[in-house]
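Input: a single structure, listed below in structure tokens.
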There are 2 protein chains.
Amino acid sequence: MSTPGRGLHGHVLDTLGPEITAGEYPPGSVLRTDELAQRFDVSRSVMREAVRVLESMHLVESRRRVGVTVRPKSEWNVYDPQVIRWRLAGKDRAPQLRSLTVLRSAIEPVAAGLAARHATAEQCAELTQCALGMVANSRGHKLEEYLVHDMAFHRVILDASGNEMFARLGDVVAEVLAGRTHHDVMFEDPDPAAVTLHVQVAEAVRAGDAARAEELTREITVGALQELDILAP
Amino acid sequence: MSTPGRGLHGHVLDTLGPEITAGEYPPGSVLRTDELAQRFDVSRSVMREAVRVLESMHLVESRRRVGVTVRPKSEWNVYDPQVIRWRLAGKDRAPQLRSLTVLRSAIEPVAAGLAARHATAEQCAELTQCALGMVANSRGHKLEEYLVHDMAFHRVILDASGNEMFARLGDVVAEVLAGRTHHDVMFEDPDPAAVTLHVQVAEAVRAGDAARAEELTREITVGALQELDILAP
DNA sequence: GTGATGAATAAGTCTGACTTTTTGTCTCCG
DNA sequence: CGGAGACAAAAAGTCAGACTTATTCATCAC
């Protein structure tokens with residue numbers, strides 16, 4: 001998706017990564033490099049590189065004389081964008097989407113508050129543009145266009161917070177929003193109240209009203225959580 | 001630290017990782033696999049495995065005919081525990097500690113609120129034990145003992161939240177707390193008010209009072225932020 | 001039962017040859 | 001003078017095979 005097929009080892013990961021993150025191998029399962037190399041029809045060198053990557057994600061552990069053992073889910077680097085993508089594409093997309101939405105509900109309000117303090121004039125303008133784009137596409141089944149502006153809106157907020165840890169969650173939030181639109185909920189036009197909230201957040205940030213930006217964003221994320229609760233209480 | 005010297009490629013990473021994350025190579029710098037292999041006196045295979053790991057952390061990008069180029073900081077996987085450790089050990093430990101503390105201030109209050117709803121009896125007991133341990137070591141320059149219980153306390157909260165994304169931040173929070181004790185601030189005994197707050201959080205979680213647990217934890221993290229502000233306003 | 005010995009195993013490492021892609025350059029023609 | 005195409009060089013990518021090393025397990029002596 002992001003950097004597709006960048007070499008043979010990438011192709012191996014495209015298959016093996018989703019398999020592991022989908023839980024197809026129970027924790028403690030043992031894979032052998034040689035067998036994997038045979039299965040994917042690559043040399044051992046290539047296979048070893050792939051294993052190293054999985055190892056750096058804490059998905060597996062490679063030990064002498066025993067093989068490549070799959071680690072329990074609780075040890076995975078669940079913030080690795082690649083791992084997130086694999087899991088969102090796989091079986092536990094629903095619980096994954098849920099835990100990420102909870103994460104959003106913690107991060108985004110604080111980020112919005114900081115954005116109100118630190119956003120540049122340019123970022124404020126961009127934010128308003130996004131909000132306007134959302135309004136313009138909020139009716140008439142223009143979900144895709146709406147989504148584009150929604151993703152951009154939240155990304156600007158996270159960037160404008162001035163905190164690199166928040167900023168790096170832009171991709172994750174975008175995937176969550178996209179997932180929501182494309183699969184789970186939102187069969188019809190977005191909630192008008194949510195659209196209004198986005199406009200108000202843009203306004204609060206521009207006005208430098210941190211407390212208000214935070215509170216409004218909290219309402220947005222609470223709404224997102226409620227959407228999930230309705231679907232799977 | 002976590003898994004020391006797990007092979008030659010690990011040793012290479014122990015040197016190269018900190019160098020890159022310390023910004024010793026400006027973004028766009030080009031490294032050549034062969035030269036690196038010579039420098040570290042390892043074979044190309046080993047060097048290639050190390051590069052693959054750096055690549056999976058988005059620290060570098062490997063392209064044919066051009067070499068291994070260092071990516072800008074804005075693209076790094078800053079949530080990778082290994083990257084966090086490298087950065088905390090290096091030059092920008094101060095700003096890193098700051099952005100992580102801001103992250104804490106967003107995550108932990110929400111986590112505490114969830115913990116109040118989901119914590120098991122066992123977790124409640126553990127939490128109280130930690131709080132008591134903090135009280136017992138809050139006076140008389142027993143900073144190390146205090147730290148152990150402090151780290152455990154916050155880890156239990158994050159675990160008890162029931163959200164895997166929060167739970168996986170336990171290590172990060174622990175590193176932040178350890179960094180604070182060992183380097184930046186806290187030359188004397190911890191703030192008595194903070195100790196009291198921890199006891200109260202444990203109590204609120206046990207009582208199932210989510211709102212109170214959240215608010216008290218917010219006060220704790222605000223205090224942590226203020227400590228940093230005093231040091232570098 | 002306990003401890004030492006040894007053999008089997010699978011990852012780890014190295015080397016050298018070969019392939020493939022990309023980029024820069026040089027030429028040739030308009 | 002400028003653009004298109006051909007060519008050459010450079011660096012990563014790939015592979016195969018031989019060898020090393022650590023770990024585990026089983027056997028055997030005490």
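Just so it is clear, the model here is predicted, and its values are computed rather than measured. Chain letters run A, B, ... following the sequence lines, proteins first and then strands; every chain starts at 1.
- Applying the ring pair (Phe, Tyr, Trp, His ring centres under 6.0 Å) rule to pairs touching residues 78-106 of chain B yields Tyr79(A)-Tyr79(B), sequence neighbours excluded.
- A distance-only check finds no donor-acceptor pair linking the side chain of Glu61(A) to the backbone of Arg71(A) [under 3.5 Å].
- Residue-level contact check: Arg48(A) touches the bases, meaning some heavy atom is under 4.0 Å from a base atom.
- With dC14(C), dA11(C), dT23(C) as the choices, the nucleotide that has an atom nearest any side-chain atom of Arg63(B) turns out to be dT23(C).
- Summarising the geometry, the separation between CZ on Arg64(A) and C1' on dC19(D) is reported as 12 Å, rounded to the nearest angstrom.
- When only modelled atom types and interatomic distance are considered, His149(A) and His154(A) share no side-chain donor-acceptor pair under 3.5 Å.
- Taking 3.5 Å as the limit, the base of dT14(D) and the side chain of Arg44(A) contain no donor-acceptor pair of atoms between them.
- Both Gly67(B) and Ser45(A) lie close to DNA chain D; mapped to their nearest nucleotides by heavy-atom distance, the more 5′-ward contact belongs to Gly67(B).
- Thr33(A) comes within contact range of the sugar-phosphate backbone alone, with a heavy-atom separation under 4.0 Å but no base atom that close.
- The side chain of Ser43(A) lies closest to dT14(D) when the candidates are dT23(C), dA12(D), dT14(D).
- Between Gln38(A) atom CD and dC15(D) atom P the separation is 14 Å, expressed in whole Å.
- If you measure from atom CG of Leu31(A) to atom C1' of dA10(C), you get 13 Å, rounded to the nearest angstrom.
- Distance Arg32(A) CZ to dG12(C) C1': 17 Å, rounded to the nearest Å.
- A donor and an acceptor atom, one from each side chain of His182(B) and Glu144(B), are located under 3.5 Å apart.
- Distance, Met47(A) CE to dA16(D) C1': 17 Å, rounded to whole Å.
- Checking Ser56(B) against Ser56(A) by side-chain atom types alone, a donor-acceptor pair falls below 3.5 Å.
- Counting to the nearest Å, the P atom of dT21(C) and the CZ atom of Arg6(A) are 17 Å from each other.
- With hydrogens and angles ignored, a donor-acceptor pair closer than 3.5 Å exists between the side chain of Arg65(A) and the base of dA8(C).
- The distance between atom CG of Asp34(A) and atom P of dA16(D), rounded to the nearest whole Å, is 12 Å.
- Here the P atom of nucleotide dT20(C) and the CG atom of Leu8(A) are 11 Å apart, to the nearest Å.
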